[in-house]
Amino acid sequence: MRKTSAVCVLLAVLAAALSGCTPKEYGTQKMPAGISQTVIYDGTSASKEENRFKAEITLQDVVRGTDAEDIFAAAGGYASYHEPLELGDDQELLVARFTFTLTDWPGDSPVELGQRDVNMFKLISEDGNPYDYFLQRRFVKGNLFGDASVGSTQTGCLFYLVDEEDEKPNIVFMPSVNEGVWFKTSLTGSDRKLVADPVMVSDWLNAGEKDIAFSMGTFNTPCL
């Protein structure tokens, strides 16, 4: 009997140890999702009714520095009808592209995302401080996400101003709901290999017959 009891105790300890070693799900603040990792947003317990939807969100690519400035320019960001872009000596542009799929929504009308997607995706510094929004940039036409119906998938980009020395900022989606879902913007070589379609200036320049000045957003800009 004693031998059997000892074996049972050992098995229990082993099971507890193994359960403690189970990898945590990515998409949290401690383990942000990387390129091509789809994260589930579940807002069914959100305090605001407009946030009580479910969605699958995937980070597709991140670009910083002069390449991001080229993309911003191609999107119409330097058009004369905007206030001049002011980059501090220690700042640079960052552009991140996401794919968003609405999987569940109890309402009858589409989920209104288009006018509040900037507030949904917040850039957080490596030190944990939120960045100010790019308030001087307004929509021209279109934005990252239009109003969404269940089953719809949309892909688009957000631009941010980031400190050059901030090497590992994160983007958090809907931080007020269950601490949000988190994505890392610092990409390693292995991350780069996962980027199927890199964010490029040609995404905007190859717009065909469209007039970039009136068919593209500048802060919240659709990737074509």
Test item: [X] side-chain N/O and [Y] main-chain N/O as donor-acceptor pair under 3.5 Å:
{"X": "Arg52", "Y": "Gly43", "value": "no"}
{"X": "Tyr160", "Y": "Asp132", "value": "no"}
{"X": "Thr28", "Y": "Met31", "value": "yes"}
{"X": "Ser36", "Y": "Leu194", "value": "yes"}

Answer yes or no: is there a side-chain heavy-atom contact under 4.5 Å between [X] and [Y]?
{"X": "Ser45", "Y": "Asn178", "result": "yes"}
{"X": "Glu92", "Y": "Leu161", "result": "no"}
{"X": "Pro32", "Y": "Tyr26", "result": "no"}

**Prompt:** With a cut-off of 6.0 Å (strictly less than), are more than 12 heavy atoms of other residues, nucleotides or ligands near CD of Glu179?
**Reply:**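 12 or below, so no.
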**Request:** Give a yes or no on whether Glu167 atom CD has more than 12 heavy-atom contacts from other residues, nucleotides or ligands under 6.0 Å away.
**Result:**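 At most 12 heavy atoms, drawn from other residues, nucleotides or ligands, come within 6.0 Å of this atom.
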**Request:** Assess the side chains of Thr58 and Thr99: does a donor N or O sit below 3.5 Å from an acceptor N or O?
**Result:**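 No, because no side-chain N or O of Thr58 sits under 3.5 Å from a partner of the opposite role on Thr99.
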**Asked** So, Asp42 versus Thr44: side-chain donor-acceptor pair below 3.5 Å or not?
**Response**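 A pair is found: one side chain offers a donor N or O, the other an acceptor, under 3.5 Å apart.
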Hey, could you give me the [atom1]/[atom2] distance between [X] and [Y], rounded to the nearest 0.5 Å?
{"X": "Glu165", "Y": "Gln91", "atom1": "CD", "atom2": "CD", "result": "12.0 Å"}
{"X": "Leu94", "Y": "Leu123", "atom1": "CG", "atom2": "CG", "result": "6.5 Å"}
{"X": "Phe183", "Y": "Ile171", "atom1": "CZ", "atom2": "CD1", "result": "8.5 Å"}

**Asked** So among Thr153, Val150, Thr155, which one has a side-chain contact (heavy atoms from CB on, under 4.5 Å) with Thr101?
**Response**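 Running side-chain contact (heavy atoms from CB on, under 4.5 Å) over Thr153, Val150, Thr155 with Thr101 returns exactly one hit, Thr153.
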**Request:** Classify the angle between the aromatic ring planes of Phe53 and Trp105 as parallel (below 30°), tilted (30 to 60°) or perpendicular (above 60°).
**Result:**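 It falls in the perpendicular class, over 60°.
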Please find the pair of heavy atoms, one from [X] and one from [Y], that lie closest to each other, and give the distance.
{"X": "Thr103", "Y": "Glu56", "result": "CG2-CG, 3.7 Å"}
{"X": "Asn51", "Y": "Tyr41", "result": "O-OH, 2.7 Å"}
{"X": "Lys168", "Y": "Ser186", "result": "CG-OG, 3.8 Å"}

**Message:** Just checking Phe98 against Phe121, ring centres under 6.0 Å apart?
**Reply:**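 That pair passes the under 6.0 Å test.
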